[in-house]
Amino acid sequence: MLNNPKLNSSIQLPEKIAGINVDVPPQQFNCDISTNAAMILSKANKKPPLEIANELAELIKKNDEEIDTITTVKPGFINIKFKNSFWNKFIKEIISQKEGFGVNKKSPKIKYLIEFVSANPTGPLHVGHCRGAILGDVLSNLLSFNGHKVSKEYYVNDYGNQIIHFSKSVYFRIREILNNEPFPTSNKDLYPGDYIINIAKNIINNNKNLKFDNFDQVSLKLTTLSVAESLKLIKLNLKNLGIVHDKFVSETELVKNNEVEKTIKKLKANNFVYEGKIKAPETEKNTNWKERKQLLFRSTDFGDDKDRALQKEDSSWTYFASDVAYHNNKLDRKFDVLVNILGADHAGYIKRITSSVEAISGKKNKLVCKVSQLVKLIKDGKPFKMSKRKGDYITVEDLLNEVGKDASRFIMLSRSSDVELDFDFTKVKEKSKDNPLYYVQYCYTRIASVFRNVEKQINDDIKVKNYEFNYTNDEIKILKKISEWPKCLEVASNKLEPHRIPVYLYELSSEFHSYWNMGKDDETKRFINNDKKISDEKIVFLKAISIVIKSGMEILNVDTPEKM
RNA sequence: GCGCUUGUAGCUCAAUUGGAUAGAGCGCCUGACUUCGGAUCAGGAGGUUGAGGGUUCAAGUCCUUCCGGGCGCACCA
């Protein structure tokens with residue numbers, strides 16, 4: 001506005017304007033929006049903030065007919081209260097945009113690649129994988145909602161020692177079934193889980209002419225089959241959680257296609273790779289450390305603690321080497337921003353992998369890593385520890401059977417991913433106010449129930465003659481809350497913090513429930529009149545609320561039932 | 001030892017990307033069902049935002065030093 005020469009303002013703008021915000025202020029200020037502009041501009045103008053605020057207030061008032069009152073306060077805030085015409089225009093806008101309301105149409109559209117889950121294909125997913133899975137999924141929904149292009153990817157670590165141990169475990173289970181040989185439980189490298197038995201059975205049934213006399217002879221074929229089986233399980237788990245990836249990228253394929261060699265060559269050309277030695281790790285446990293000359297990536301150039309190994313002694317690639325190749329592959333596919341969702345235990349890996357992306361792209365592209373913290377499971381008020389020992393770890397399937405997809409998603413998302421999350425099985429199952437999911441769903445259900453009672457559908461398009469309503473302060477309070485929705489989406493997208501959505505939806509629901517109960521004492525606050533009709537004013541108001549709840553819940557991929 | 005991360009009400013957590021008098025839920029106390037669905041609502045008590053220092057007109061938020069929790073510190077994945 002200040003750039004507009006017609007205003008003929010005497011206020012000087014600094015070279016860079018940063019930090020000027022327009023926000024909905026805390027309730028007690030009794031106004032609709034507020035800006036800190038005067039305080040930011042104070043220095044460049046060498047005037048006290050309040051003086052600038054007053055000048056600005058004059059300018060704004062002159063140029064906007066929808067402002068009722070404009071006041072300046074203490075340090076230099078400018079507070080604005082709108083006329084009803086503003087709110088009518090606002091609500092008309094929501095009704096016409098429907099679920100598209102809140103999308104930031106001005107922001108440039110970006111091509112994102114979001115890698116998440118990427119759990120080892122050695123068995124079904126367990127609860128520990130859930131949080132990151134849901135986080136990545138909702139982040140993808142959020143960014144696509146905002147009009148960005150998003151590819152959801154799963155990196156399949158089907159190469160290396162773990163996979164050999166896994167397929168060997170399947171091999172022994174097959175021998176157990178076919179030849180009645182006992183499974184070698186003493187071998188700690190093997191996977192003891194019962195699901196391996198099912199995988200073994202499936203492989204036997206589908207490959208009648210395969211011989212299982214010697215592991216080395218079937219190893220290659222068996223590994224492929226075993227990985228395929230566990231991927232089938234994983235994909236089913238994900239689907240039941242409401243998650244479908246766009247692409248699964250196989251580590252083995254990358255190695256086979258020489259992508260690792262190509263990538264290392266590229267890095268070598270820029271002097272990021274060399275033959276050298278690294279010092280022993282600082283941990284006390286590692287007493288059998290052997291110093292060795294090996295192929296290293298210069299991650300210390302980017303601030304990492306030490307350079308990182310690319311090749312093992314037997315000349316096969318390290319996990320890191322093929323992961324660098326995967327990220328090179330991502331960059332080749334021309335994504336603007338790469339996002340990885342990692343578990344807390346992999347946080348130490350971030351520095352080296354972001355370093356590799358910087359090295360490959362010449363600092364042109366960025367990899368953003370988002371860490372999802374641990375989920376502390378609580379059952380009957382007591383912490384529940386999972387261990388790899390058979391029988392006492394909870395799978396995604398257990399979780400879904402017990403609490404369901406919607407409650408799992410909503411609760412896992414309701415906290416910042418930076419913070420450990422208490423997941424109380426007993427509480428999440430409860431269908432009560434203890435459970436924020438039902439609180440928000442109940443809000444939508446109540447609105448649907450009003451529509452039903454006046455023989456309409458909540459999904460119907462609303463048509464009214466005109467938007468000339470007189471909303472009361474209690475209604476404007478909710479409209480103000482709705483006006484914060486676009487900002488909520490913007491911040492959640494920019495900071496990759498989807499937990500802001502459930503938090504927002506809870507707050508909006510709370511204000512709605514509060515308004516609803518006012519109808520007990522005050523008939524004018526009821527949606528349905530005594531003659532079983534609803535006014536245009538009220539139906540438009542309800543529709544606006546339902547639009548925001550619905551689109552929020554769709555981003556979370558959580559159901560909004562019309563009856564509960 | 002080093003790195004990352006975290007510390008907000010008795011408990012679990014928010015806090016509009018540095019804004020005004022730090023907000024919810026649970027638990028505790030008091031109240032509202034002849035209901036457009038009580039899976040709800042109104043009110044009360046509860047805080048030196050781990051501690052100190054700094055930057056700023058403005059700090060829970062940024063910088064710094066301590067203290068306490070979590071995770072990590074491989075040729076594993």
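Atom set for the values below is all heavy atoms of this structure, side chains included, hydrogens, waters and symmetry mates excluded. Throughout, protein chains are lettered first and strands after them, A, B, ... in sequence-line order, and every chain is numbered starting at 1.
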Across the strands shown, which category fits [X] at heavy-atom distances under 4.0 angstrom: base, sugar-phosphate, nothing?
{"X": "A:S416", "value": "sugar-phosphate"}
{"X": "A:Y504", "value": "nothing"}
{"X": "A:E420", "value": "sugar-phosphate"}
{"X": "A:N21", "value": "sugar-phosphate"}
{"X": "A:S316", "value": "nothing"}
{"X": "A:I278", "value": "sugar-phosphate"}

OP1, OP2 of B:A15 versus side-chain N and O of A:R500: anything below 4.0 Å?
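For B:A15, OP1/OP2 do have a side-chain N/O of A:R500 under 4.0 Å.
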Phosphate oxygens OP1/OP2 of B:C4: is one of them under 4.0 Å from a side-chain N or O of A:K351?
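The answer is no; no side-chain N or O of A:K351 sits under 4.0 Å from OP1 or OP2.
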Let's see if you can work this out: which of B:C75, B:U40, B:A77 has an atom nearest to the side-chain heavy atoms of A:A309?
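For the A:A309 side chain, the nearest candidate turns out to be B:C75.
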Sort and list the pairs that fulfil salt bridge (Lys or Arg N to Asp or Glu O under 4.0 Å) and have at least one residue in residues 22-31 of chain A, not counting sequence neighbours.
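Pairs touching residues 22-31 of chain A that pass the test: A:D23-A:K487.
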When you match A:D345 and A:E484 each to their closest nucleotide on RNA chain B, which lands nearer the 5' end?
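So the residue in question is A:E484.
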Close residues, residues 511-535 of chain A, relative to RNA chain B [heavy-atom separation under 4.0 Å]:
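Within residues 511-535 of chain A, the residues near RNA chain B are A:H513, A:S514, A:W516, A:N517, A:G519, A:K520, A:R526, A:F527, A:I528.
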Without decimals, in angstroms, what is the distance between A:K279 NZ and B:C2 P?
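One finds 12 Å between P of B:C2 and NZ of A:K279, rounded.
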